[in-house]
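Reviewing the structure listed below.
Values reported hereafter were calculated over all heavy atoms of this structure, with side chains retained and with hydrogens, waters and symmetry mates removed. All chains are named by letter (A, B, ...) in the order of the sequence lines, taking the proteins before the strands, and each is independently numbered beginning at 1.
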2 protein chains.
Amino acid sequence: MKDFKAKEFACHTAAMAETPGVPEPTLEEQIAAYQREFQDLDPQVEKIVSALSRLNRRMNVAYGRQTADLGISNAEWEVLKALVLSGAPYRMGPGELAKRLGLTPAAMTHRIDRMVSEGLVTRERDESNRVRVIVELTPGGREKWLEAMRLATVFEEDLLQDLTPTERAVLGEVLTRLLRRVEHAQPDAGGRLSDLD
Amino acid sequence: MKDFKAKEFACHTAAMAETPGVPEPTLEEQIAAYQREFQDLDPQVEKIVSALSRLNRRMNVAYGRQTADLGISNAEWEVLKALVLSGAPYRMGPGELAKRLGLTPAAMTHRIDRMVSEGLVTRERDESNRVRVIVELTPGGREKWLEAMRLATVFEEDLLQDLTPTERAVLGEVLTRLLRRVEHAQPDAGGRLSDLD
DNA sequence: CCTGAAGACTTCAAAGCTAAAGTTCGAAGC
DNA sequence: GCTTCGAACTTTAGCTTTGAAGTCTTCAGG
């Protein structure tokens with residue numbers, strides 16, 4: 001099952017000292033700094049963009065901890081997710097997976113290697129077309145995904161807990177609209193850089 | 001100035017074919033798949049979370065392209081940003097920078113190496129305390145940041161263009177509230193995984 | 001002074017990713 | 001039937017980042 005690294009940041013080496021000198025700027029402080037250094041900036045726009053970015057980062061950290069607790073990495077969770085969402089027999093080719101996750105086929109090969117050795121998926125040649133390879137989720141892999149999902153949904157519900165039904169509806173609608181806008185302006189690949197839908 | 005790689009994804013090798021067989025699921029399709037595979041899931045919550053994540057990814061891709069056009073990487077842009085936001089003489093120590101960006105001191109050392117060789121920053125020992133090192137933004141580095149900022153704000157304004165003033169206000173307020181909630185629940189480090197405030 | 005301890009970087013080996021060059025299999029021509 | 005092209009992985013070389021082990025500097029005792 002691999003060594004399974006601690007996965008908790010901020011511990012680069014044995015001791016890392018809390019560094020009282022670097023208090024990490026709040027969102028408000030940061031926006032003030034932006035305005036100081038770059039005059040023609042709409043603070044409202046910057047607030048939205050910065051909050052969105054920070055929020056996403058925090059969420060990824062939270063997901064990373066949860067999956068780490070389950071003994072899988074965030075990278076592995078992404079693969080499990082793609083396979084589960086593909087439905088039914090939970091099978092995909094490495095190339096298809098690579099495209100879905102936004103990484104190169106080479107990286108996919110290695111990632112699958114690891115996951116096969118951990119029993120999360122199986123890899124075999126398609127006998128009806130021996131150029132193809134089939135990656136299939138194992139029951140254990142599916143169970144891991146379910147456990148991760150249970151943790152994730154609890155976290156997400158908790159995160160949105162204070163929002164009123166109206167706020168939730170508006171937030172969902174507005175974000176979807178923004179997403180459509182970028183996807184339309186940028187129809188190509190999804191690229192890398194933190195996926196985790 | 002380095003080779004300066006193409007930086008355009010989706011071109012893993014010479015030809016990459018548009019792959020008509022993998023249409024990339026829409027947000028709606030994906031949520032439907034989630035509900036199929038995981039019954040007790042609130043579709044509204046999932047919609048918000050997924051849209052947020054996808055939106056963030058697209059934005060990072062957009063930022064990456066813009067900075068690439070300027071001849072700097074996204075990683076370098078983050079360093080420039082931290083230095084500019086620190087204000088005044090635009091100086092920070094490598095350790096401080098590392099903490100701010102959420103990477104290890106080792107990675108910071110290498111990143112600074114590259115940026116020094118590209119003339120974006122200078123590195124020298126603090127003569128009053130020779131254990132410390134001072135990284136200082138060069139005028140050229142500051143100019144790069146300004147150019148990147150100009151592009152970024154144009155993109156951001158364009159992204160939010162369709163939102164009414166009310167929607168902008170609500171979105172900013174709600175996102176800030178969510179951010180406060182996670183930051184409170186998770187006061188520690190910011191971790192890695194796509195920064196880009 | 002000299003020594004020991006702690007702090008702030010840097011160096012080193014290993015992991016994971018990308019780009020580019022194989023490798024293998026299937027399908028279309030001649 | 002043999003050859004050539006193309007598709008779908010895999011392998012190789014080079015980078016960036018991490019974790020752990022130095023190196024250098026400062027400071028507190030003895």
Atom [atom1] of [X] and atom [atom2] of [N]: how far apart are they, to the nearest Å?
X	N	atom1	atom2	answer
Ile134(A)	dA8(D)	CD1	P	13 Å
Asp113(A)	dG16(C)	CG	P	11 Å
Lys99(B)	dA8(C)	NZ	P	7 Å
Glu118(A)	dA15(C)	CD	C1'	13 Å
Ile112(B)	dT17(D)	CD1	C1'	14 Å
Glu76(B)	dC15(D)	CD	C1'	13 Å
Glu78(B)	dT16(D)	CD	P	14 Å
Asn74(B)	dT16(D)	CG	P	14 Å

- [ ] Please determine if a side-chain N or O atom of Arg111(A) lies less than 4.0 Å away from the OP1 or OP2 oxygen of dT10(D).
- [x]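 It does not, given that no N or O in the side chain of Arg111(A) lies less than 4.0 Å from OP1 or OP2 of dT10(D).
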Open item on the list: Taking 4.0 Å as the cut-off, does a side-chain nitrogen or oxygen of Arg123(A) come that near to OP1 or OP2 on dA8(D)?
Closed with: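 Arg123(A) to dA8(D) OP1/OP2: no side-chain N or O under 4.0 Å.
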State which of [options] makes the closest approach to the side chain of [X].
X	options	result
His110(B)	dA8(C), dT18(C), dT11(C)	dT11(C)
Leu103(B)	dT10(C), dA8(D), dT18(D)	dT18(D)
Ala107(B)	dC17(C), dT17(D), dT11(D)	dT17(D)
Arg132(A)	dC9(C), dA8(D), dA20(D)	dA8(D)
Thr104(B)	dC17(C), dC9(C), dG19(D)	dG19(D)

Salt bridge check, [Y] against [X]: does any charged N sit closer than 4.0 Å to a carboxylate O?
X	Y	value
Arg142(B)	Glu37(A)	yes
Arg177(A)	Glu173(A)	yes
Asp40(A)	Arg150(B)	no

Task: Set of side chain to side chain donor-acceptor pair (under 3.5 Å) partners for Asp42(B), sequence neighbours left out - done: none
Task: Any donor-acceptor N or O pair under 3.5 Å, side chains Tyr34(A), Gln39(A) - done: no
Using a cut-off of under 3.5 Å, enumerate the N/O to N/O pairs linking the protein to nucleotides 23-29 of chain D.
{"unit_1": "dT26(D)", "atom_1": "OP1", "unit_2": "Arg130(B)", "atom_2": "N", "d": "3.1"}

- [ ] Under the salt bridge (charged side-chain N to carboxylate O under 4.0 Å, His left out) rule, collect the residues that match up with Arg123(A), sequence neighbours excluded.
- [x]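 Residues passing salt bridge (charged side-chain N to carboxylate O under 4.0 Å, His left out) with Arg123(A): Asp113(A).
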Open item on the list: Quick check on side chain to side chain donor-acceptor pair (under 3.5 Å): which of Gln35(B), Lys47(B), Arg54(B), Glu46(B) does Gln30(B) satisfy it with?
Closed with: Arg54(B)
